[in-house]
Enquirer: 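Sending over a structure as structure tokens; questions will come in a sec.
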Amino acid sequence: MKTLIKFENQKLNELRSKMLKDLDREHYAILYGKFHRVSDDTCIITIKDQKYYEKGYDVQTIASIHIGSEFRAQCLSEIDQRIDVDTIVDVHTHPFGKGKPFFSGVDTDDEKTMKEYLVSKGDTIHYASIVLSQDMYNARLWEHDGKRAFPEKAIIKTQKVSESMPETASGSRNEPTRFEMFDRSILALGIDTIKAMMNDQVVTVVGVGGVGSIIAENLIHMGFQTINLVDFDIVEKSNLNRLVGATYEDAENGSKKVDVIAAHLKAINPFATVSAYCRSVFDSDVEKVLALSDWIFLTTDNYSSCVRVQELAFKYYVPFISAATNILVEEGSIADVRGEVILVRIGDGHCLNCLGKIDKKELIYETHPDPEIRAAMVQKGYVKGHDVKDPAVKTLNAMVATIATDVLINQYTERQKDQFVIIYENNEAQTIYEDEDCIKKRESECHVCGGKNG
Ligand SMILES: [Zn+2]
Ligand SMILES: [Zn+2]
């Protein structure tokens with residue numbers, strides 16, 4: 001069983017700084033989480049709340065047992081009353097040293113008792129534990145086979161690699177042996193950044209059209225080694241003005257976009273793992289792919305898939321970057337050319353919904369089951385309809401795709417401050433700017449991200 005314990009942005013830092021402030025004594029906290037079984041052998045625990053045990057650390061070693069029963073009992077009854085959480089994660093520190101901490105015999109007996117207690121009570125609450133040293137961690141999920149409780153290793157995931165802790169001193173990171181391809185990138189970004197991007201990072205591009213195909217190509221050039229492509233479209237001749245990797249023959253054969261782009265990426269770097277999913281985002285296999293991604297690029301051309309991908313991103317705590325372009329043509333001439341890149345990490349407090357980026361009328365049109373109502377919406381001019389082809393050119397797509405890719409690279413280098421909404425305009429002059437107003441003016445309460453204003 002592979003278990004990922006996932007934190008909102010900056011929440012692991014918060015936990016560590018609170019618990020490791022005092023290095024003279026062990027400290028305790030309990031996290032509330034939501035358990036998701038993603039597949040037969042993988043589960044994800046998303047952390048929703050942190051409760052610190054604040055009082056009475058007089059007896060250090062026995063403390064673990066004493067605190068355990070009272071404090072936990074309180075937490076357990078709170079979890080029972082809440083519907084958003086079903087998992088308890090014990091956290092304690094071994095503050096005296098650095099390096100990989102190990103659970104002591106006392107820790108293990110105590111936690112085993114706890115798991116067996118939960119099972120005997122017929123409780124469906126899941127149980128996991130984390131021990132923190134000054135710079136590393138050890139984590140596990142407690143399972144029960146009907147006879148006895150036993151631990152399985154767990155891994156902590158944060159929104160950004162820079163916030164995460166190494167799991168072991170030597171690291172499970174493979175030393176990449178094919179650096180020659182990235183010699184020049186290493187000169188620019190440094191070996192550590194390139195390694196962080198190469199190791200254990202899974203990036204999924206949803207929608208490999210004009211923008212998504214260029215992002216995918218950028219990712220392979222930047223050094224990402226595991227890339228998933230999701231799109232159910234086939235290549236048409238009208239795509240050939242902008243679809244990276246697609247040929248006239250692909251359009252004649254009606255090849256799948258994901259297959260064409262995957263072959264293009266593999267031709268550039270045959271050592272990379274590129275998986276093609278010719279599926280809709282509503283497919284259950286795609287849910288698994290998204291759940292296990294470290295980053296998602298959202299570049300589809302319809303609102304219903306944006307809403308779906310965003311819903312899954314929040315369910316499984318996967319940060320994403322949305323990239324979109326728009327060319328407005330009025331009476332035969334160009335009125336507006338622009339693109340938009342939005343960074344959404346879980347815990348940042350904004351999403352496409354509260355930023356006003358989901359057109360509600362278009363969404364109803366896309367998802368309404370009654371074709372007559374859909375036709376009426378087009379006729380009344382509420383929406384433009386599916387048959388209308390939007391204007392599109394590669395230069396605009398390439399600009400926006402590259403800005404979006406750089407937003408991701410910045411999550412590894414942290415060279416620039418985070419910009420959540422970036423606009424590219426090509427009207428009177430070419431300009432790129434951060435749209436801070438968009439964040440300030442977001443809807444005050446949001447049911448998707450839970451973000452609040454102020
Ligand atoms: Zn311990
Ligand atoms: Zn929101």
Side-chain angles (χ1 to χ4, degrees), residues 8-9 15-16 19-20 22-31 48 53 57 59-69 71-72 84 89-115 127-140 142 151 153-154 159 296 298 303 306-315 317-322 340 342-360 363 420-421 435 437-454:
E8 290 185 13
N9 199 27
L15 180 77
R16 291 178 71 198
M19 294 189 73
L20 292 162
D22 166 19
L23 294 179
D24 293 332
R25 291 182 289 190
E26 293 194 7
H27 282 259
Y28 293 82
I30 282 185
L31 314 180
K48 307 280 181 191
Y53 186 79
Y57 284 114
V59 191
Q60 230 163 49
T61 43
I62 318 178
S64 65
I65 299 158
H66 273 303
I67 291 159
S69 55
F71 181 44
R72 277 181 194 149
D84 63 326
V89 185
D90 270 337
V91 187
H92 75 284
T93 55
H94 286 179
F96 315 107
K98 293 190 175 183
K100 177 109 180 160
F102 289 94
F103 290 99
S104 69
V106 176
D107 293 338
T108 299
D109 288 347
D110 192 24
E111 290 175 15
K112 193 163 186 265
T113 309
M114 174 68 178
K115 178 66 186 177
Y127 180 56
S129 60
I130 297 171
V131 58
L132 299 171
S133 77
Q134 287 172 26
D135 58 352
M136 287 188 201
Y137 75 95
N138 210 330
R140 55 195 186 182
W142 281 88
K153 179 178 136 84
Q159 298 290 297
I296 299 169
L298 181 48
Y303 293 103
C306 285
V307 167
R308 173 63 174 167
V309 170
Q310 178 166 264
E311 178 196 340
L312 295 173
F314 277 90
K315 181 175 176 184
Y317 281 16
V318 185
F320 66 92
I321 296 164
S322 132
E340 186 175 62
I342 302 173
L343 167 66
V344 178
R345 293 171 307 202
I346 315 309
D348 282 343
H350 64 259
C351 70
L352 300 179
N353 180 53
C354 53
L355 293 177
K357 303 301 179 186
I358 304 294
D359 186 320
K360 304 273 155 61
L363 184 62
F420 297 120
V421 181
D435 186 359
D437 276 358
C438 181
I439 298 286
K440 285 185 197 132
K441 286 186 194 147
R442 60 172 283 279
E443 279 172 41
S444 56
E445 301 270 319
C446 181
H447 69 278
V448 179
C449 66
K452 290 184 180 70
N453 254 350

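Remember, it's a predicted structure, so these values are computed and weren't measured experimentally. Read the numbers this way: they start at 1 and go in the same order the structure lists the ligands and their atoms.
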Enquirer: Are side-chain heavy atoms of Met136 and Pro101 found at a separation under 4.5 Å?
Expert: yes

Enquirer: For the Zn ion (ligand 2), how many protein N, O or S atoms lie at less than 2.8 Å?
Expert: 4

Enquirer: If we only count heavy atoms from C-beta on, is the Arg72 to Tyr127 side-chain gap below 4.5 Å?
Expert: yes

Enquirer: Which of these, Tyr137, Phe102, Phe103, sits in a side chain to side chain contact (heavy atoms under 4.5 Å, CB included) with Val131?
Expert: Phe103

Enquirer: Just checking: Asp107, one of its N/O/S atoms, less than 2.8 Å away from the Zn ion (ligand 1), yes or no?
Expert: yes

Enquirer: Is there a side-chain contact between Leu15 and Leu31 (heavy atoms, below 4.5 Å)?
Expert: yes

Enquirer: Any chance the side chains of Ser104 and Asp107 put a donor and an acceptor closer than 3.5 Å?
Expert: yes

Enquirer: Taking the side chain as every heavy atom from C-beta outward, state whether Val421 and Ile439 have any atom pair closer than 4.5 Å.
Expert: yes

